[in-house]
Each structure stands twice: as C-alpha cells, then as structure tokens.
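Within every chain, numbering begins at 1; the chains are lettered A, B, ... in the order of the sequence lines, protein sequences first and strands thereafter. What you are looking at is a predicted structure, and each value in this text was computed from that prediction instead of being measured. No hydrogens, no waters, no symmetry mates; every other heavy atom, side chains included, goes into these values.
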Amino acid sequence: MPWLETKDPYKIWISEIILQQTRVAQGWSYYERFIERFPDITSLHKTQESEVLKYWEGLGYYSRARNIKKAADQIFTTYHGKFPDTYETLLSLPGIGPYTASAIAGFAYDLPYPVLDGNVARFLARFLAVESPPLEPSGKKIITDFLAPAIQETKPSAFNQAIMNFGALICKPAKPNCHECPFTSGCKAYQLRLTDQLPVTLPKKEKSNRYFHYFILYNPKTDSTVIQQRSGKDIWQHLYEFPLIENESEGPLPKQKSDVLLSVFDIDSDAEQPLLAIHKTQNLTHQKIHFNIQIFLWNGLIKDKTGLYQTVKVSNLSSFGFPVTLANMVTQLENMNGSTIKEKQQNDVM
DNA sequence: AATACGGGGAC
DNA sequence: GTCCCAGTATT
C-alpha cells in the first residue's frame with residue numbers, strides 16, 4: 001500500500017478512492033498508471049475530466065473519477081494546491097466520505113479517526129454481535145463508539161491498517177479463520193456460534209433488465225466512426241458510447257425505431273444490412289444490460305444539428321473512456337483496422 | 001432510510 | 001449462479 005512508503009496525502013487519497021468497493025488486485029495497476037500520469041494536484045487540475053475518466057476505464061463507479069477531478073480543482077483553487085489536513089475539510093471534498101476522510105487523516109497525518117470499511121464492519125459486527133447491519137446508522141454508531149477510544153491507545157495509521165487487514169485476512173466474509181483468531185475469547189459471535197450469521201445483511205433487491213442497441217457506423221473512406229458522450233443521471237455518466245437506442249423489452253428493436261436513428265446517418269435500412277451483429281450481456285449490481293451491437297457501413301453524413309454526435313477516427317477511439325463492454329468492442333475494431341470490414345464489404349458485394 | 005452507482009474475483 | 005469488495009452521493 002502507498003502509505004507503507006509515503007505520507008503524501010495525494011497518493012493516499014488516490015489509492016483510497018480507487019480501493020472503494022474495489023479489491024487491491026483489481027485496482028492496483030490502475031493506481032500505478034494513474035499516479036504516473038497524474039503525480040499531483042496540479043497535473044489533475046490541468047487536465048480534462050474526460051482524460052481522468054479514460055484512466056478510470058474498466059474500474060467502475062465512475063463518479064469516483066469525476067469527483068477526483070472536482071476535488072482536485074477545489075484543492076487547487078480554494079486551498080491553493082495544499083492538500084487539506086483536517087478531518088472536516090477532507091470530508092467536505094466531493095467523493096470523500098467518512099471512511100476516506102478517516103483513512104487520509106490517519107495515514108497521512110496520524111490523526112486518530114478510526115476507519116469503518118467493510119472489513120472493519122464485519123469484524124466488529126461479529127465481535128460485538130451487532131444486531132443491525134453494521135453499515136446502517138444504528139450499527140455504525142455502536143461500532144464507532146467502540147473504535148473511537150480504542151484508536152487513542154495506539155498509533156492511528158497502524159491501528160487502522162491492522163484492523164482492516166484483520167478483517168480481510170482473518171475475519172473473512174465466509175469461513176472466517178477463527179482458529180487463528182486471538183480475539184475468540186472476547187468475540188460474542190464466536191461464543192454464541194453466530195459467526196456465520198453475522199454481520200446481518202439487507203435483503204437483496206431484484207435487478208432490472210435493460211436493452212441497449214448500439215450502432216457502430218463505420219466510414220471506410222476515412223476510417224472513422226461516431227460516438228457521443230453520455231449525459232444525465234444514468235449509469236456511465238460522461239463516458240463515451242456509440243449511437244444508442246434503448247428498448248423497453250427483449251428482442252429485436254422495432255424497425256421504426258432503428259430507422260429513425262439510421263436515417264440521421266443517411267442509412268436506408270432496406271438497402272443496407274449490418275455487417276456484423278453482436279450480442280453480449282453485462283451484469284451490474286443493480287441491473288443487467290443486454291447489448292445488441294450492430295456495425296453498419298456509413299458514408300460519413302450526419303443529419304443532426306444538436307452536435308451531440310462526434311465523428312472520430314477509429315485509430316483515435318481508444319483515447320476516449322468507454323464502458324468496459326464497449327471498450328472491448330473498440331479493441332476489436334482497432335484490431336480489424338478497417339481491413340476486415342473492407343474485406344467483409346467486398347465479400348458481400350461478391 | 002432507500003437507492004443507485006461498475007466491475008471482477010472468490011466460492 | 002451469489003456475495004461483496006479499504007464507500008459515496010442522491011433522493
């Protein structure tokens with residue numbers, strides 16, 4: 001972990017944001033690349049949000065990237081580039097909640113704020129036999145009241161690191177290593193044989209299905225295609241995507257709907273068939289996305305005055321941040337490098 | 001208090 | 001398939 005070798009609050013901040021709801025194994029390479037490109041507040045302040053999102057591509061929870069950019073701008077202007085060094089000012093920054101504020105306060109400044117992440121919550125929910133979900137307000141209070149005096153007894157950074165590691169390595173979600181645990185004599189869950197029933201979890205909700213029909217329009221003459229940036233409050237905010245029609249139900253898109261979009265790009269669906277149609281699904285926490293991706297040949301015309309669509313070279317696509325499923329499509333497109341599509345086009349003519 | 005927000009790895 | 005991860009913001 002960065003804080004094992006640095007007290008730089010900037011690096012600690014970035015690593016903590018990346019590791020929110022993200023395992024070290026998944027986030028570590030992102031951290032290294034991110035720090036290399038953005039070594040400090042100034043470098044983040046000088047770039048565009050879209051580049052930060054590109055570096056976040058594939059990590060998920062993209063509000064983290066958007067908020068990192070916001071917070072960096074705030075630190076640059078409001079705090080003149082000096083990283084905030086109190087719990088309250090840290091907490092006031094976008095993307096920094098109670099956990100991250102405590103983590104930075106402890107690791108960078110040795111301030112005694114106990115961290116309460118998933119690992120700590122699980123350990124203390126068992127140790128204290130907390131009856132409510134440990135991250136709900138009531139359970140959270142019980143745990144925080146227990147930790148607040150405890151962290152005063154020792155070095156905050158060591159305390160926080162140790163208690164999180166303990167939860168991750170010993171007091172694991174399933175099959176905790178109680179035989180290696182030095183706290184069994186004080187652990188209520190262990191005494192009551194409730195270790196596999198705690199912590200209490202909330203009932204899970206059903207996830208919704210969504211049907212995304214993407215149109216990849218390929219202009220072989222210029223080796224270019226069309227993308228747009230996602231707006232609104234929906235998933236993947238500010239990431240890029242291909243022209244999209246979302247359908248309410250499973251199955252093929254009604255011809256009338258696709259014709260409306262295709263006509264914007266001067267494509268007659270009766271004359272032009274997709275070169276390729278790809279189906280994929282992607283499981284997210286709250287929804288299952290069904291992708292239907294079609295590649296069409298395109299003459300380069302856009303009959304749309306909103307300016308929401310932008311034409312880009314295929315060779316330039318990878319400079320934009322896409323949702324992971326579309327990022328994989330981009331990789332495929334680049335590998336085709338136009339030649340496969342042209343080949344396919346010739347085969348169709350013959 | 002409930003809900004949305006991504007993606008992947010462990011089981 | 002299910003669970004859940006060094007959580008936060010919004011409603």
Integer-rounded Å distance: dC5(C) C1' and Leu59(A) CG
13 Å
State which residues pass side chain to side chain donor-acceptor pair (under 3.5 Å) with Asn283(A); sequence neighbours excluded, sorted by chain then number.
Lys207(A)
Using a heavy-atom distance cut-off of less than 4.0 Å, which residues of residues 151-170 of chain A contact DNA chain C?
Met164(A), Asn165(A)
dG6(B) P sits how many Å from Arg210(A) CZ, rounded?
11 Å
Is the number of heavy atoms from other residues, nucleotides or ligands under 6.0 Å of Lys54(A) NZ greater than 12?
yes
I'd like to check the ring-ring contact (aromatic ring centres under 6.0 Å, His included) partners of Phe83(A); sequence neighbours left out, ordered by chain and number.
Trp13(A)
Could you list the donor-acceptor pairs under 3.5 angstrom formed between side-chain atoms of residues 130-138 of chain A and any protein atom two or more places apart in sequence or on another chain?
| unit_1 | atom_1 | unit_2 | atom_2 | d |
| --- | --- | --- | --- | --- |
| Ser132(A) | OG | Ser138(A) | OG | 3.1 |
| Ser132(A) | OG | Gly139(A) | N | 3.2 |

Run the ring-centre check on Phe123(A) versus Phe166(A) and record whether the distance is less than 6.0 Å.
yes
Rounded to the Å, how far apart are Lys288(A) NZ and dG6(B) C1'?
16 Å
In a table with atom names and distances, give each donor-acceptor pair under 3.5 Å that connects a side chain of residues 173-198 of chain A to protein atoms at least two apart or in another chain.
| unit_1 | atom_1 | unit_2 | atom_2 | d |
| --- | --- | --- | --- | --- |
| Gln191(A) | NE2 | Thr184(A) | O | 2.7 |
| Gln191(A) | NE2 | Ser185(A) | O | 3.3 |

Excluding sequence neighbours, so at least two apart, what forms side chain to side chain donor-acceptor pair (under 3.5 Å) with Gln21(A)?
none
Should the pair Tyr214(A) and Phe291(A) be assigned to parallel (<30°), tilted (30 to 60°) or perpendicular (>60°) ring geometry?
parallel
Indicate, with a heavy-atom threshold strictly under 4.0 Å, whether Val115(A) touches base, sugar-phosphate, or nothing.
nothing
I'd like to check Ile18(A) versus Trp56(A) (side-chain heavy atoms, cut-off strictly below 4.5 Å). Are they in contact?
yes
Starting from the 5' end of DNA chain B, give me the residue, Lys172(A) or Thr325(A), whose nearest nucleotide shows up first.
Thr325(A)
What is the distance from NZ of Lys207(A) to C1' of dC3(C), rounded to the nearest Å?
11 Å
Restricting both atoms to N or O, compile the protein contacts to nucleotides 1-3 of chain B shorter than 3.5 Å, with distance only.
none

Starting at CD of Glu57(A) and ending at C1' of dG8(B), how long is that distance when rounded to a whole Å?
15 Å
Using a heavy-atom cut-off of under 4.0 Å over every strand shown, decide if Gln282(A) touches base, sugar-phosphate, or nothing.
sugar-phosphate
Sorted by number, residues from residues 12-39 of chain A placing a heavy atom under 4.0 Å from DNA chain C are Glu16(A), Leu19(A), Gln20(A), Gln21(A), Arg23(A)
Figure out the CG/P separation between Asn283(A) and dC5(B), and round it to whole Å.
15 Å
If you count every heavy atom of other residues, nucleotides or ligands that lies below 6.0 Å from Lys172(A) atom NZ, does the total exceed 12?
yes
Is the phosphate of dC5(B), meaning OP1 or OP2, less than 4.0 Å from a side-chain N or O of Gln287(A)?
yes
Listed partners of Tyr30(A) passing ring-ring contact (aromatic ring centres under 6.0 Å, His included), at least two apart
none
Under 3.5 Å, is there a donor-acceptor pair between the Asp40(A) and Ser43(A) side chains?
yes
Across all chains, not counting sequence neighbours, the ring-ring contact (aromatic ring centres under 6.0 Å, His included) partners of Tyr87(A) are Tyr113(A)
Please list, for nucleotides 9-11 of chain C, all pairs of protein and nucleotide N/O atoms separated by less than 3.5 Å.
| unit_1 | atom_1 | unit_2 | atom_2 | d |
| --- | --- | --- | --- | --- |
| dA9(C) | OP1 | Gly95(A) | N | 2.4 |
| dT11(C) | OP1 | Lys233(A) | NZ | 2.5 |

If we require ring centres under 5.5 Å and near-parallel planes under 30°, does Tyr61(A) stack on dG6(B)?
yes
Please determine whether any donor N or O and acceptor N or O are separated by less than 3.5 Å between the side chain of Thr285(A) and the base of dG6(B).
yes
Give one of base, sugar-phosphate or nothing for Lys204(A), where a contact means two heavy atoms less than 4.0 Å apart.
sugar-phosphate
Quick check: Phe296(A) with Phe265(A) (ring centres under 6.0 Å apart)?
no
Rounded distance (Å) that lies between atom C1' of dC5(B) and atom CD of Gln237(A)
10 Å
dA6(C) and dC11(B): how far apart are their P atoms, nearest whole angstrom?
13 Å
Using the P atoms only, state how far dG8(B) lies from dT8(C), rounded to an integer number of Å.
22 Å
Could you tell me whether the phosphate oxygens of dC5(C), OP1 or OP2, come under 4.0 Å of any side-chain nitrogen or oxygen in Arg122(A)?
yes
Which pairs of donor and acceptor atoms, one on a side chain in residues 269-278 of chain A, lie under 3.5 Å apart (sequence neighbours left out)?
| unit_1 | atom_1 | unit_2 | atom_2 | d |
| --- | --- | --- | --- | --- |
| Ser269(A) | OG | Lys255(A) | NZ | 3.0 |
| Ser269(A) | OG | Asp259(A) | OD1 | 2.5 |
| Asp270(A) | OD1 | Lys255(A) | NZ | 3.3 |
| Gln273(A) | NE2 | Ser269(A) | O | 3.0 |

